[in-house]
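The sequence lines fix the lettering, A, B, ..., with proteins before strands; numbering per chain opens at 1. The analysis underlying the following values was restricted to heavy atoms, covering all of them including side chains, and did not include hydrogens, waters or symmetry mates.
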There are 2 protein chains.
Amino acid sequence: MENFDTVSLSFCGGTHDHKNCVTTALDEAEQLCISRGVRLTDARKRVLELVWESHHPIGAYDVLSKLSQESGKTAPPTVYRALDFLLEQGLIHRIESLNAFVGCSHPAEEHSGLFLICKDCGCAAEVHDATIDKAILEKTDTLGFKAEQRMLEVRGLCPDCTA
Amino acid sequence: MENFDTVSLSFCGGTHDHKNCVTTALDEAEQLCISRGVRLTDARKRVLELVWESHHPIGAYDVLSKLSQESGKTAPPTVYRALDFLLEQGLIHRIESLNAFVGCSHPAEEHSGLFLICKDCGCAAEVHDATIDKAILEKTDTLGFKAEQRMLEVRGLCPDCTA
DNA sequence: TTTAATTTTGTTATGTTATAACATTTACAA
DNA sequence: TTGTAAATGTTATAACATAACAAAATTAAA
């Protein structure tokens with residue numbers, strides 16, 4: 001998990017070749033699914049691509065409308081099934097406070113990120129921090145609560161929008 | 001903020017007189033609204049009471065149906081307006097991952113809690129931890145992200161359901 | 001390689017959560 | 001007491017999500 005903190009941090013201002021990100025993510029997803037013996041079908045792959053192509057967290061119905069544009073009438077279950085699969089495989093994350101989805105840039109390892117959501121530009125960055133993880137784990141352990149899944153989202157202003 | 005950690009922690013198994021909790025919460029809300037110069041109208045107070053009376057996080061439409069039962073036909077905006085007011089005043093919290101609401105037992109002070117949600121019994125406990133708060137704050141600061149609002153929810157099994 | 005079982009996708013309908021827009025009433029202060 | 005602002009009522013609709021069952025595609029087994 002080398003440089004785990006920074007790899008997934010990319011506010012909107014960061015100038016990077018996003019097309020490259022998408023390709024990399026798709027390739028990695030492909031490999032991962034093969035190694036896990038699950039099927040990254042065309043539909044699933046296309047949804048993953050659409051999520052990645054979006055520079056912001058994207059809602060299910062936005063995915064749906066893009067899908068409908070290119071493939072003709074598509075129904076909600078098509079999208080939700082694909083999203084569910086991608087979530088299960090850790091290929092995307094769901095931002096609860098937005099009802100929206102973002103690509104995950106390190107799907108190989110289990111993790112719960114911290115999502116920084118800019119209320120101004122709408123971008124979301126996934127970051128990780130061992131200190132936070134530890135603090136939460138210790139707290140739940142102390143209380144005898146068996147944690148399984150965690151959601152941590154912070155709204156505010158990203159560096160680009162503060163400036 | 002004496003004993004802040006434990007006051008708001010009450011999993012379902014905890015045997016306490018919940019009716020008492022409700023009364024206390026309503027009284028405190030009343031006082032708080034007076035001191036803030038905002039109006040805790042009958043509608044708002046009744047919604048707060050309904051939220052508190054529920055032993056689990058309660059959805060807006062559950063509040064709505066209870067309200068309709070006792071007051072005749074009621075429309076969604078009535079409930080959402082009351083909920084919005086209560087959220088603004090910190091009298092309730094919204095659990096994002098459940099689209100549901102819980103009463104807040106210490107509305108006088110600004111805070112962001114950690115919600116422990118039992119996937120078995122459905123109860124939700126609000127806890128606080130300075131170490132977690134600090135870790136998150138330090139992380140966001142380091143990244144130059146100006147945090148304004150935070151949600152932290154953990155799904156798992158509460159002590160009563162693990163046993 | 002045909003068949004059977006399983007997984008994935010298509011389709012229709014509906015359930016659930018939330019808000020926009022505008023009319024009416026209520027509270028309170030000038 | 002009347003003007004103003006806040007709160008509520010009302011209708012309609014937007015936004016998010018899933019149930020249920022049919023059809024097709026994939027895979028494994030015979």
Side-chain angles (χ1 to χ4, degrees), chain A residues 29-30 33-34 36-51 54 56-89 91-102 122 151 153, chain B residues 29-30 33-34 36-51 54 56-89 91-102 122 151 153:
Chain A
E30 202 112 52
C33 286
I34 289 171
R36 288 175 181 168
V38 296
R39 292 171 52 205
L40 187 63
T41 61
D42 287 352
R44 290 164 174 174
K45 192 171 170 182
R46 184 64 188 126
V47 169
L48 179 59
E49 194 173 12
L50 286 170
V51 171
S54 167
H56 301 297
I58 186 173
Y61 275 74
D62 290 331
V63 174
L64 181 60
S65 78
K66 283 175 195 276
L67 227 47
S68 293
Q69 273 180 289
E70 65 191 36
S71 316
K73 205 194 87 191
T74 309
T78 301
V79 171
Y80 280 103
R81 281 168 186 152
L83 291 172
D84 286 346
F85 171 86
L86 297 170
L87 282 171
E88 271 167 28
Q89 297 302 321
L91 296 167
I92 59 172
H93 291 289
R94 177 183 164 84
I95 313 271
E96 295 292 342
S97 61
L98 297 176
N99 295 331
F101 304 84
V102 292
M151 289 137 285
E153 300 167 14
Chain B
E30 202 113 49
C33 286
I34 289 171
R36 288 175 183 167
V38 297
R39 290 172 55 207
L40 185 64
T41 60
D42 286 352
R44 289 164 175 176
K45 192 171 171 184
R46 183 64 187 128
V47 169
L48 179 58
E49 195 172 11
L50 286 170
V51 171
S54 167
H56 301 296
I58 187 173
Y61 277 75
D62 289 331
V63 174
L64 181 60
S65 78
K66 283 176 196 274
L67 227 46
S68 293
Q69 273 180 290
E70 64 189 38
S71 316
K73 207 193 84 191
T74 310
T78 301
V79 171
Y80 280 101
R81 281 168 186 153
L83 291 172
D84 286 346
F85 170 85
L86 297 171
L87 282 171
E88 271 168 28
Q89 296 303 320
L91 296 167
I92 60 173
H93 291 291
R94 178 184 163 85
I95 313 273
E96 295 292 343
S97 61
L98 298 176
N99 296 330
F101 304 84
V102 291
M151 79 143 246
E153 299 170 13

Separation of [N] [atom2] from [X] [atom1] (nearest whole Å):
X: B:L40; N: D:dA6; atom1: CG; atom2: P; answer: 17 Å
X: B:Y61; N: D:dC16; atom1: OH; atom2: P; answer: 14 Å
X: B:K45; N: D:dA7; atom1: NZ; atom2: C1'; answer: 17 Å
X: A:R81; N: D:dT18; atom1: CZ; atom2: P; answer: 12 Å
X: B:R46; N: D:dT8; atom1: CZ; atom2: P; answer: 15 Å
X: B:R44; N: D:dA6; atom1: CZ; atom2: C1'; answer: 8 Å
X: B:L83; N: D:dA7; atom1: CG; atom2: P; answer: 15 Å
X: A:L64; N: D:dC16; atom1: CG; atom2: C1'; answer: 11 Å

Tell me every residue that passes side chain to side chain donor-acceptor pair (under 3.5 Å) with B:N99, counting only those two or more places apart in sequence or in another chain. B:R94

Quick check for you: name the first and last nucleotides of DNA chain C, 5' to 3', having an atom under 4.0 Å from a heavy atom of chain A.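 With heavy atoms of chain A under 4.0 Å away, the range is C:dT8 to C:dT12.
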
Can you sort out the partners of B:K66 under salt bridge (Lys or Arg N to Asp or Glu O under 4.0 Å), two or more places apart, ordered by chain and number? none

With sequence neighbours left out, what residues match B:E153 under salt bridge (Lys or Arg N to Asp or Glu O under 4.0 Å)?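 By the salt bridge (Lys or Arg N to Asp or Glu O under 4.0 Å) rule, B:E153 matches no residue at all.
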
Ignoring hydrogens and angles, write down the donor-acceptor pairs under 3.5 Å from the side chains of residues 70-77 of chain A, residues two or more places apart or on other chains.
from, atom 1, to, atom 2, distance (Å)
A:E70, OE1, A:R46, NE, 3.4
A:E70, OE1, A:R46, NH2, 2.8
A:E70, OE2, A:R46, NE, 2.6
A:S71, OG, A:L67, O, 3.4
A:T74, OG1, A:G72, O, 2.9

Which ones in residues 69-79 of chain B lie close to DNA chain D, meaning a heavy atom under 4.0 Å from one of its atoms? B:K73, B:A75, B:P77, B:T78

Under 4.0 Å from OP1 or OP2 of D:dA17: is there any side-chain N or O of A:Y80 that close?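 For A:Y80, the contact criterion (side-chain N or O under 4.0 Å from OP1 or OP2 of D:dA17) is met.
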
Residue list, side chain to side chain contact (heavy atoms under 4.5 Å, CB included) with A:T41, at least two apart or on another chain: A:R39, A:A43, A:R44

Does B:H93 reach the main-chain N or O of B:V102 with its side chain, forming a donor-acceptor pair under 3.5 Å? no

How about B:S68 and B:Y61: do any of their side-chain heavy atoms sit closer than 4.5 Å?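 Counting from C-beta outward, B:S68 and B:Y61 never come under 4.5 Å.
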
Restricting to pairs with a member in residues 76-89 of chain B, which pass side-chain hydrogen bond (donor to acceptor under 3.5 Å, both in side chains), not counting sequence neighbours?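 Passing the test, one end in residues 76-89 of chain B: B:R36-B:Q89.
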
Return the CG to CZ distance between A:L86 and A:F101, rounded to the nearest 0.5 Å.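 If we round to the nearest 0.5 Å, A:L86:CG and A:F101:CZ are 9.5 Å apart.
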
With a 4.0 Å cut-off on heavy atoms, is A:R39 in touch with a base, just the backbone sugar-phosphate, or nothing at all? sugar-phosphate

Quick one: label A:R94 by what it contacts on the DNA or RNA (base, sugar-phosphate, nothing), any heavy atom closer than 4.0 Å.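 Sugar-phosphate: the residue A:R94, judged by heavy atoms under 4.0 Å, touches backbone atoms but no base.
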
